[in-house]
A.B. asks: 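The structure's right below; bear with me while I get my questions together.
In each ligand, atom 1 is the first atom listed, and ligand 1 is the first ligand listed. Just so we're clear, the structure is a prediction, and the values are computed from it rather than from any experiment.
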Amino acid sequence: SKDGKKNRNTVLLSLRNGYTIKTLYCSMNDCDRSYLSAGKAVKLGVLWIKPYAGMPKEVLVLYSSKARYRVPREILFWLTVCCTLALVAVTIAVIALSPKCLSWWQASPVYQIYPRSFKDSDGDGVGDLKGIKEKLDHFEYLNIKSIWISPFYRSPMKDFGYDVEDFRDIDPLFGTMKDFEELLATMHSKGLRLIMDFIPNHTSDRHRWFNLSRTRDPHYEDYYVWTDCKPDGPKPNNWVSIFGNSSWTYDEVRGQCYLHQFLKEQPDLNFRNPDVINEMIDIIHFWLDKGVDGFRMDAVKHMLEAPHMRDEPQVDPNKPPELVTTEWDLHSDYTTSQVGLHDILREFRAQMDIYSQEPGRYRFMVIESYDYEEVYKTMMYYGTKLEKEGDFPFNFYLLDLPQNTSGAWAKHLVHLWMGNMPKGKWPNWVVGNHDRTRISSSAGQLYVRAINMLLLTLPGTATTYYGEEIGMENINVTASQIQDPADPQRSPLQWNANMNAGFNDKTNLTWLPLHPDYETVNVEAQMKDDGSVLAQYRFLNTLRQSELPLNRGWFCYVHTDANVFSYIRELDGLKRAFLIVVNFGKESVVTDLSSVRELPDELKVLMSTNKVNDGKVFPKSRIQTEVGEGLVIQYSTNTRFNPNHPEECYISEKACYLETIGILYKCQ
Ligand code: GLC
Ligand code: MG
């Protein structure tokens, strides 16, 4: 009715009261017409209300319902919805299509610190945790992120820390728990990861458990492997220790023999006792709670022994039993790699996985097991598709390189791993550790650079024993100086040409003598020389981490002979590729790769271990290398080698490069 309209207009006008009432004012006729023609109050606004700040809601509604506002608004709304959905879809697709990023233990070499020998901070002649903390810049310089520190648990040091008296304490020789926590915190703040040694097979004979076991405390009675024997009678069986002679020792307190697969001061724990497994898991938790990033699992193959304790078969059945004294005399069928071992390790792994769920906090597990030519035994530590175990077992085959330095031998050793590694797993390479002669001493200085080049250009994680980055050699230890047969490769790290090579700058003590070459072979001197072993190590390690073909690409054998071992690293979709040519032989040679169609005719040396050859250009038919020389040749190609030679090529996880937008994608 007319009254109704009037009321409506009255309402509107009163709302405007005190604001812009003039702009709203209209004749009743206009209002009438509009209202009547449109049949809706909304239409009124079209005629006589302009938007203004502070507009009340009701008026705003009148405005916003007009088509010229409503339609763009709806378009914008649906556009936003569609874009958001598209963004989510693209994100999911990119994640699904991208290959996994390399984890920290894949991206950097693992550097082994032997804590006695790295850096002595307090002047007692033995390296310590504070010393390690003082020297962390070394790793920044080298671009190394993963540090494995050999044991620093409380220990009587019969096996230099591999005989643990207390798994939850630091030996005073190395410092305190506070020193450890400070070291770990500093390492983490620098982006470094700490891998600890974990020693499940045995404890020290001074461990509390052993004392409780030999006194037959009911809970601890079966913590070790005991069996009846007479003090002067025959041993329970013919089993021998890794360090030689019977692995049984009579204990007067308990009146029985206990098993020790290493020193007699290192009694073997009894892993058939579930309480022992639980103790070990608690210790794993203890250190993971403190924040350590991984464990190197020591001597795991010895963890279980056959309960029947029968004699092991002799390698030479005719050898008189009294001459059977070393591990090489027996087939260690009943003392190593027993059924059940992998279940225990998988349980350890599962515990570590619980701690790996936090983003960026993956806990790494590397296994130590020397299985020599029984490579399939080693490979089992990778676990299966369904059950994870070690991230990798240490690959010790390259330790044998010095036995027969030649291109063919190098390839043979590399292939022992590559040809047997389960599909999709990550390889790794060790050329030295605290148990083995330094490679520069066994292979000779001539090959040190080439070996480092091999280590850093093969696919997978390199392990570098302290000092290898500067080419340190074994020392000569006199009979009176020797404390352990492995001492020659454990001499103090040579930091500079000052007193004690900078290892101990407080007193004149060093637990082992320094190598006399320290005045020239030391970190400081080599940092100043861009052709040094150290500078080359750093260059190759940095190259490896910045170049996709080297850090995760294909690895393909190209050529091998008595002198030269040569391979390609390439990535599908990426033009840049690398050819590595290393001369491990006894003579300078010219290698003809003209039959390799995938290589360009001219090859330019990016880096040679022989600095004067940097930048040299070779025709591919005449690549020259001196004895011990390694070349990294970078080239550009559209024709990848791997599709034509699938039998010669390996990759852990296939990835292709999309050059147009510069990303990696899965390309199985
Ligand atoms: C490992 C260690 C070695 C030690 C042995 C016993 O092989 O590398 O040094 O003696 O285990 O723990
Ligand atoms: Mg054992």
A.B. asks: Can the ring centres of Y466 and H434 be said to be less than 6.0 Å apart?
C.D. replies: no
A.B. asks: One residue to check: R296. Relative to ligand 1, which of side chain, backbone, both or neither has a non-hydrogen atom less than 4.0 Å away?
C.D. replies: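 Side chain only.
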A.B. asks: Which atoms from ligand 1 have a heavy atom of F243 less than 4.0 Å away?
C.D. replies: 10 (O)
A.B. asks: If we only count heavy atoms from C-beta on, is the D298 to N201 side-chain gap below 4.5 Å?
C.D. replies: no
A.B. asks: Just to confirm my output: which protein heavy-atom neighbour is closest to atom 4 (C) of ligand 1, and how far is it?
C.D. replies: D159 OD2, 3.3 Å
A.B. asks: Quick one: which ligand 1 atoms are inside 4.0 Å of a heavy atom on H202?
C.D. replies: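 It comes down to these atoms of ligand 1: 6 (C), 12 (O).
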A.B. asks: Would you kindly specify which portion of Y114 sits under 4.0 Å from ligand 1, judged on non-hydrogen atoms: side chain, backbone, both or neither?
C.D. replies: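 It is neither part, as no heavy atom is under 4.0 Å.
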A.B. asks: Would you check if Y334 and R310 make a side-chain contact, meaning some heavy-atom pair closer than 4.5 Å?
C.D. replies: yes
A.B. asks: In the protein, which heavy atom is nearest to atom 2 (C) of ligand 1, and how far is it?
C.D. replies: D298 OD1, 3.2 Å
A.B. asks: Between Y370 and ligand 1, is there a nitrogen or oxygen pair with a distance under 3.5 Å?
C.D. replies: no
A.B. asks: Check the orientation of F167 and F198. Use parallel for under 30°, tilted for 30 to 60°, and perpendicular for over 60°.
C.D. replies: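 Because their plane-to-plane angle lies in the 30° to 60° range, the rings of F167 and F198 count as tilted.
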A.B. asks: D435 heavy atoms, cut-off 4.0 Å: which ligand 1 atoms fall inside?
C.D. replies: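 Those qualifying, in numeric order: 2 (C), 3 (C), 7 (O), 8 (O), 9 (O).
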A.B. asks: Taking 4.0 angstrom as the limit, do E165 and R206 come out as a salt bridge?
C.D. replies: yes
A.B. asks: Considering only protein heavy atoms, which is closest to atom 5 (C) of ligand 1, and at what distance to one decimal place?
C.D. replies: F262 CE2, 3.7 Å
A.B. asks: Could you point out which residue of F210, Y258, W209 forms a ring-ring contact (aromatic ring centres under 6.0 Å, His included) with Y224?
C.D. replies: F210
A.B. asks: Of all the non-hydrogen atoms in the protein, which one sits nearest to atom 7 (O) of ligand 1, and at what distance?
C.D. replies: E368 OE2, 2.8 Å
A.B. asks: Side chains of Y162 and D197: any donor to acceptor distance under 3.5 Å?
C.D. replies: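 Yes, side-chain donor-acceptor contact under 3.5 Å.
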